[in-house]
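See below for the structure under consideration.
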Amino acid sequence: MRRRTFLMFSAATAAGAMWDVAVEHGAPGKELVRFIPETKLIPGVTVWRPSVCAQCAAGCGLSVRVVEGDAEVVRKGQSGLIKVGLAKKLEGNPGHPVNRGKLCARGQAGLQVTYNPDRLSHPLRRTGPRGSGQYAEVGWEEALGELHARLGPLASPSATSSLAFLTPPLRGQRRALIENFLSGFDGSALVSFEFFDDRVLREANRLSFGRAQLPTFDLAQSNVVLSFGADFLGTWNSPVAQSLSYGTMRQGRSGVRGKFVQVEPRISQTGASSDEWIPARPGTEGELALGIAHVLMSEHLRPAAAAGSAGRWIAGWSDGLPEYRPEAVAWKTSVAPETIRGLARQLATHSPAVAIVGGAPLAQTNGLFTALAVNALNALLGSVGKPGGLQFTPQLGSIGPAAPAKSKSNAANLSGNIQTLAQQIRTGKPKPVGALLIYQANPVFAAPPDWQVKEALVKVPFIASFGSFTDETSSLADLILPDHSYLESWVDDLPESGAAEAVLSLAPPALEPLHHTRATPDVLLDLAHRLGGPVAKALPWKTYEAMLQDAYTPLRHLPGSVSAASDDEFWSKVKDQGGWWSAGPVPETKPTAARGRSQPVKNQEPEFDGPAQDFPFHFLPFPSQQFGDGRHANLPWLQEMPDLLSTAMWGSWVEIHPGTAQRLGIAEGDLVEVSSPHGVLRAPAVLSPGIAPDVVAMPVGQGHERYGRYASGRGANPMAILGTKTEPETGALAWAATRVSVRRIGKGELCLFSVGPLEWGAKQLKR
Amino acid sequence: MTTRERQRLEAAPQDRDRLTRDLLRPVLHTSPRIYLTMMALGAFVLAGLVAFVYQAYWGMGVSGLNRPVFWGFYITNFVFWIGISHAGTLISAILRLANARWRRPVTRCAEAITVFALVIGASFPIIHLGRPWLFFWLIPYPSERGIWPNFRSPLLWDFCAITTYLTGSLAFLLLPIIPDWATLRDRAIGWRKKLYRVLALGWRGTPREWHRLEMAMRIMAVVIIPVAVSVHTIVSWDFAMVPVPMWHSTVFGPYFVAGAIFSGIAALIIAMALLRKILHLEEYLKPIHFDHLGKLLLVMSLLWVYFIVAERLTVWYGNATPEVAVLLATQRGKFLPLFWTMVCCNFLIPFPILAIKRLRTITGTVIASSTIVVGMWLERFLIVVPSLEFKYLPFSWGNYRPSWVEITITLATFAAMPLLYLLFVKFVPIISMWELKGGEHPEPAAAAELAPGHEASDPWEGTLPSAGS
Amino acid sequence: MSRRWGMVIDLDRCTGCEACVVACSAENNIATAGESQAAKGRAIHWIRVERSWEGEFPNVRVRFRPVPCQQCDAAPCEPVCPTYASYHNAEGLNAQVYNRCIGTRYCANACPYTGRFFNWFQPSWDKPLQLQLNPDVSIREAGVMEKCTFCYQRALVAESQAEAEKRPLRDGEVSPACVQSCPSGAMVFGDLNDPASAVSRLAGLDRGVKLLEEVGTFPKITYLARES
Amino acid sequence: MNAIYGLFPDTDSARRAVKALGEVSRRLRFQPRQIVVVSQEPLDDREMGLPRQHTWMPWIAACGGIVGGTAGYALAAFTQRTYPLPTGGMPVVALWPASVVTYEFTMLGAILTTIVAFLATARLPRYGQRVYDAAVSDGMILVGVADSDVNAWRDLEETLYEQGAERVRQFSTA
């Protein structure tokens with residue numbers, strides 16, 4: 001009775017909701033036809049379908065709850081209602097080795113990517129001036145025809161200008177497809193761009209451990225975790241996998257509770273969970289790591305040789321790091337010598353212990369040194385490749401269609417970064433860029449202003465974008481050919497970290513496409529076919545599905561999660577499982593040798609952009625818990641998800657130490673102006689006890705000029721005032737190396753979830 | 001027939017006529033200024049209605065309420081107006097039972113305040129509902145929902161208590177009007193005559209009728225006092241029943257009742273002063289009335305201080321963290337200005353005015369009453385809002401600022417009160433004519449030994465217009 | 001014996017990632033309020049993560065705890081409702097019947113945890129965001145209270161599944177969206193009447209405390225205190 | 001129905017008239033209860049020499065209170081038992097909350113009964129023609145005899161004038 005009543009209530013309400021939709025459209029002159037359903041789903045019955053999360057690079061497996069429902073669609077120019085499978089919720093794929101059924105906030109909000117009201121539903125052609133955002137709808141044939149016409153001349157061997165393809169770092173067959181596509185264009189460049197790109201750490205790991213790869217941490221068995229700036233429970237690397245093992249580290253083992261110490265100048269979401277917070281001076285994290293290593297060696301807790309080859313990149317390692325006595329390190333890092341000694345002893349005596357480095361410490365001019373120092377410390381602690389330490393997820397290197405042998409001409413291909421692309425566009429060398437294809441990356445939003453990315457991009461004669469949204473970069477496009485959302489697409493990914501086994505995340509579309517969009521891989525295959533010649537030869541597949549099948553079916557012969565008698569059975573099982581993961585050793589990409597370097601890395605003092613007397617504060621942009629690097633700012637659930645520490649919603653803010661704020665006459669919520677040598681921004685102030693007095697911090701992600709109704713014109717973009725200092729060895733942007741000044745402007749507006757006091761403990765009130 | 005008797009015989013009809021004439025004048029004649037006043041007040045009430053419809057259409061979001069301050073101006077007004085309603089019936093009933101003769105010109109004035117304040121007050125729980133059109137779900141009746149209301153809810157108690165109190169107060173007000181309506185029936189002409197003929201129920205004034213009426217009023221007076229006490233106690237229980245810091249208090253019942261009587265008397269004094277001025281009843285509402293009510297007000301002001309001290313000292317001394325947070329927020333925190341204004345309005349200003357005999361004049365008591373009305377509204381606000389803003393978990397503390405909708409509706413009710421009152425005095429003599437005339441007669445026992453000089457020794461001398469004055 | 005759903009939240013595991021917050025919004029059709037309404041304190045989050053800063057620089061520590069409705073056994077919100085919209089159901093949950101609610105907001109004041117939310121306006125979704133709405137959960141109209149239900153609809157689905165398979169419900173088979181999503185496994189859900197269930201076992205740990213125990217609400221959520 | 005009555009300007013003369021009428025009642029063959037007194041303000045029965053009024057109203061009101069209270073408790077208990085929804089860990093029929101409802105209904109019962117009893121025993125409302133004179137509302141006191149022998153009217157008129165009646169009028173329904 002109870003249940004029936006309940007179901008009746010919900011059914012009635014759901015029907016009511018549908019009825020509202022119907023009535024709204026049932027208005028005279030707006031009659032909606034009902035199309036014949038394209039999918040067979042039992043009404044009211046949930047189907048869980050696998051998919052792969054594309055919200056960040058972790059490559060978590062998804063379980064999509066699909067229920068039949070009415071969607072308003074356009075078919076052959078006629079709008080109407082159709083019964084389709086609708087995604088109702090995203091959960092983690094319980095069998096997936098990276099996230100094991102769990103999913104973070106950003107991953108779950110991915111549902112609002114597919115159903116975003118600002119998603120582009122048709123191909124668009126620019127009608128106004130570039131960047132004006134004025135577009136007219138065009139048909140797919142017309143759009144593809146235009147793209148073909150524009151790219152055709154570039155594909156000919158005699159082309160005088162080249163093609164560039166701008167993407168975020170891609171993996172799996174998507175990357176292979178684009179590489180193969182570009183192989184047919186002489187002098188073409190695959191430019192990958194991501195703001196928080198971990199390039200420095202990959203290089204350090206390549207040097208220290210022979211793996212240019214992000215590490216996987218076995219926190220579940222660690223007794224002490226020492227993290228240098230890594231937001232590993234929030235946004236960095238594979239946060240869900242790391243949170244899973246973190247939970248076990250804390251309370252998942254009987255009698256053992258792992259300890260966690262975080263070193264960073266501002267308490268991050270991850271730092272908030274730490275037992276001890278050490279606000280070392282920005283840029284001195286490497287020194288601190290070596291100070292600890294010094295104590296380990298000088299107190300004979302570990303022999304220098306234990307570090308193996310990882311130690312040889314640090315000058316003075318084999319001598320016991322005489323320059324890094326705790327007193328000396330303390331002076332630079334402002335961490336007390338006793339703290340350093342205490343940390344060293346804890347790490348040594350409570351093994352397994354592991355050190356993690358990531359995020360801001362590596363975004364300094366001495367980032368590579370810092371990474372190598374922490375790597376050496378890990379090696380010294382004996383935590384590399386051991387339970388409770390760090391390891392590397394095996395990579396399925398030999399899988400997939402090999403890129404065609406590089407021709408002579410495309411040996412000059414740039415697999416570059418956004419600076420080299422901008423340089424090439426400006427100078428026209430080695431070849432002018434004749435056309436630019438943009439797939440998801442948004443450097444106009446996320447690159448420092450002095451790189452002049454926008455100024456460069458507008459000079460490209462032809463830009464096409466495959467994005468689902470118009471953002472700051474894709475709004476420069478002449479032609480937009482919107483992609484399916486990832487729930488509507490074939491998705492594949494090869495997670496770089498987060499699991500002990502080799503992992504392929506792969507899934508067929510979980511949903512019918514809602515809009516008049518096409519999957520970009522299929523568009524590229526189609527285009528390759530139209531272009532003919534070497535492009536067509538490099539991409540012989542009709543569909544992306546066929547390409548994926550060809551690439552991944554050989555996994556059947558490896559020990560893994562799927563046993564099948566035939567390729568077809570294997571394929572269908574992989575599709576059902578949402579991927580494949582190894583159950584034994586797999587042939588890996590050959591570890592890249594530490595080539596190109598034989599000398600230790602010198603410890604340079606960190607350099608900062610802006611003189612300290614004019615710009616007294618370190619400026620720390622941090623990936624926000626809601627928006628990561630800003631790509632999720634158009635999702636209303638995340639906009640309204642309160643920030644853990646500030647509880648701010650729907651905006652951005654500047655975090656300042658209360659003492660500093662008092663000195664500057666700034667109160668909570670005041671509008672402050674943050675100036676660097678490169679720009680000025682305004683945002684309301686949040687007074688946070690968890691930040692060093694000489695640091696001001698700001699979340700990355702807001703301040704979009706053009707990114708749909710939920711993100712546009714909201715908050716400020718910290719990238720807009722960043723300097724262009726780089727880590728010299730890798731060329732990575734030192735995004736934490738800018739200095740700023742702060743002053744009060746007036747009263748500001750903060751949208752806070754909690755306006756209560758900072759502390760809820762029963763503080764005795766003065767009566 | 002003695003000379004004295006003859007003199008009286010000659011003088012009396014004129015005198016009586018004048019009394020009736022004076023008291024009926026406001027009913028039978030309306031000046032343009034009154035019409036203008038009514039229209040102005042009506043405009044405010046209309047604005048309030050528009051604001052309410054606006055709110056009902058768009059949702060409670062147009063108010064300034066939020067989480068955690070789910071109650072604000074509306075509930076403040078509810079408590080305030082229910083408090084004001086204690087002016088009349090309770091005071092009138094007590095004075096009736098105590099047979100205080102000076103009450104006679106005051107009672108109807110006071111009882112009318114009760115009825116109108118109750119109606120206004122009782123409308124606020126409906127105004128503040130998220131779905132006001134479903135207010136009748138509070139009423140126990142066999143409904144299609146197959147469920148009756150929850151009698152464990154203090155809101156249901158409120159409903160029962162207010163219904164009872166309104167019924168009783170209406171009876172208390174209307175029963176003694178019947179003879180006056182009979183008089184009006186005889187005096188009025190046209191449609192009014194027909195109306196009053198119906199309203200007078202065929203009243204003649206036989207000994208039987210008079211006896212039953214007086215008996216009914218005596219029973220009502222006995223019943224209405226505990227009802228009035230219970231009503232504001234139950235209003236206080238709306239707060240005291242739930243575990244909210246500074247709400248969950250045993251002192252709330254008497255504290256609210258005392259506050260209600262306090263604000264009620266203040267409202268009565270203001271109403272009387274206004275009637276006196278506007279309807280030219282100077283000869284009937286005399287300084288002595290204000291003096292007596294002023295003394296009552298003085299007692300209530302002291303009682304109010306007593307309760308404030310009883311409440312606050314206990315909390316302060318007990319030092320339970322959530323309660324002290326609320327206590328300090330009101331005394332020293334963001335509510336400091338309101339809190340100390342309230343203390344000034346309810347005690348520091350009125351106390352000397354009311355305590356010093358020379359200042360206890362009509363003007364003095366009206367000034368004191370005006371500050372008390374403001375102070376008591378603030379007191380209600382300071383009971384409702386700070387506790388919600390500073391409820392247990394500091395993370396969920398909040399802020400409240402009323403919106404224009406709430407302010408408009410609040411103002412509208414402050415306009416509705418005089419409007420209803422004006423309309424009332426246009427239909428009913430605001431001073432009970434028969435009771436006032438009855439007061440002219442000496443008590444039967446005294447009549448037998450009626451002696452010269454007796455009237456001068458009457459402590460209530462001067463409460464009635466003397467002949468020829 | 002009937003079931004008595006309860007939850008354990010291990011504050012030592014919780015990382016404050018707020019996956020639970022979004023999971024709850026997705027599962028329960030919680031409309032976003034938008035900036036201006038959210039700034040007025042009208043954002044709806046059936047579960048929230050409370051944060052507390054403790055200490056002075058540099059010895060600063062942060063504590064946080066996820067707070068959904070505590071599903072009290074002696075819930076102050078229930079008896080104050082004049083229309084029985086808020087009552088105790090057979091499985092021990094503080095049920096809120098939206099259709100009965102007339103919006104006195106009394107329950108919200110009575111709740112010491114501020115765990116109840118009011119629909120200040122008619123909820124709406126920009127098209128086609130309405131397609132994400134969970135058909136198992138009613139949409140609450142303007143003027144009614146709403147709150148955490150322990151995702152009762154998910155329990156019903158699991159129960160009917162078990163019934164169809166003619167087997168008893170397994171421990172851990174039912175989990176609200178927040179528990180399901182929690183990456184660090186900080187939240188555990190189950191039947192408190194089953195002494196063998198994980199939730200019963202954990203609720204009995206020495207670290208277990210109830211929120212605002214002194215108010216006498218007898219919550220069904222046990223918090224396991226952080227050990228440092 | 002008919003009557004003859006005098007209008008008296010004050011209580012004294014009215015009292016004398018009542019007394020005089022009582023004295024002549026046997027002679028003029030009417031019962032003392034046929035004497036009609038109508039006044040604009042309450043008169044003291046004893047003083048006027050009228051029979052003492054008596055009423056059961058207080059007892060009726062008390063009974064009304066008891067009935068109301070019982071009904072109130074029954075309503076609360078019945079409702080809660082018919083829809084046995086547990087709330088806040090309280091018993092389904094909880095004594096303390098029910099006592100509040102019982103109390104209010106007791107009072108409501110007493111109030112309603114009093115109103116009804118008043119109307120019933122004062123025989124109101126009644127709109128038909130009865131012995132009355134609009135001069136009463138000018139403060140005159142009406143004293144007369146209803147339904148007496150018409151032949152005695154002259155004597156009665158005289159008696160009334162003798163006692164100080166300003167006017168004596170006759171009244172009869174057509």
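Reminder, nothing fancy here: chain letters follow the sequence lines and each chain counts from 1.
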## Note on the structure
So CG of L124(D) and CZ of R208(B): to nearest 0.5 Å the spacing works out to 10.0 Å
### Query
Between R152(B) and Y83(D), is NZ or CZ placed under 6.0 angstrom from the six-membered ring centre and within 45° of the ring axis?
no
### Summary
When the 4.5 angstrom heavy-atom criterion is applied to R197(B) and chain D, the contacting part is both
### Summary
So, the part of V100(D) with a heavy atom under 4.5 Å from chain B: the answer is side chain
### Summary
Rounding to 0.5 Å, atoms CZ (R212(B)) and OG1 (T121(D)) come to a distance of 4.5 Å
### Task
Would you mind checking which part of L174(B) comes under 4.5 Å of any heavy atom in chain D, side chain (CB onward), backbone (N, CA, C, O), both or neither?
neither
### Spacing of OG1 belonging to T206(B) relative to CZ belonging to R130(D), to within rounding of 0.5 Å
7.0 Å
### Query
Looking at A122(D), G88(D), A61(D), which makes the most heavy-atom pairs under 4.5 Å with chain B?
A122(D)
#### Entry: Atom group of L184(B) that falls short of 4.5 Å from chain D, counting heavy atoms
neither
### Query
Is chain D contacted by the side chain of P226(B), its backbone, both, or neither, given a heavy-atom distance below 4.5 Å?
both
### Euclidean distance, R204(B) CZ relative to Q40(D) CD, rounded to 0.5 Å
15.0 Å
### Heavy-atom pair of closest approach, residues F118(D) and A216(B)
CB-CB, 3.9 Å
### Task
Check whether any side-chain heavy atom of P97(D) lies under 4.5 Å from a side-chain heavy atom of F151(B), and answer yes or no.
no
#### Entry: Side-chain heavy atoms of F172(B) within contact of I111(D), under 4.5 Å
no
### Minimum side-chain heavy-atom gap Q53(D)-P207(B) below 4.5 Å
yes
### Side-chain touch E41(D)/L436(B), heavy atoms, less than 4.5 angstrom
no
### Message
So Y165(B) and L108(D), do their side chains get closer than 4.5 Å, heavy atoms only?
### Response
no
### Side chain proximity check, L112(D) to T167(B), heavy atoms < 4.5 angstrom
yes
### Task
Taking the side chain as every heavy atom from C-beta outward, state whether Y132(D) and D186(B) have any pair of such atoms under 4.5 Å apart.
yes
### Task
Considering non-hydrogen atoms only, spot the tightest contact between V101(D) and W157(B) and give its length.
CG2-CD1, 3.9 Å
### Summary
Rounding to 0.5 Å, atoms CD1 (I219(B)) and CD1 (I115(D)) come to a distance of 11.0 Å
### Query
Any side-chain heavy atom of W203(B) within less than 4.5 Å of one from P125(D)?
no
### Task
Return the option, out of L119(D), T106(D), V131(D), with the maximum number of heavy-atom pairs under 4.5 Å with chain B.
V131(D)
### Query
How many angstroms lie between atom CZ of R126(D) and atom CG of L201(B), to the nearest 0.5 angstrom?
12.5 Å
### Query
Pick from S230(B), P140(B), A171(B): which one has the most heavy-atom pairs with chain D under 4.5 Å?
S230(B)
### Greatest number of heavy atom pairs closer than 4.5 Å to chain B - which of T87(D), D133(D), V93(D)
T87(D)
#### Entry: Part of W237(B) lying under 4.5 Å from any heavy atom of chain D
side chain
### Query
Side chain, backbone, both or neither: which part of W148(B) has a heavy atom under 4.5 Å from chain D?
both
### Task
Under 4.5 Å heavy-atom distance to chain D, tell me which part of V198(B) shows up: side chain, backbone, both or neither.
both
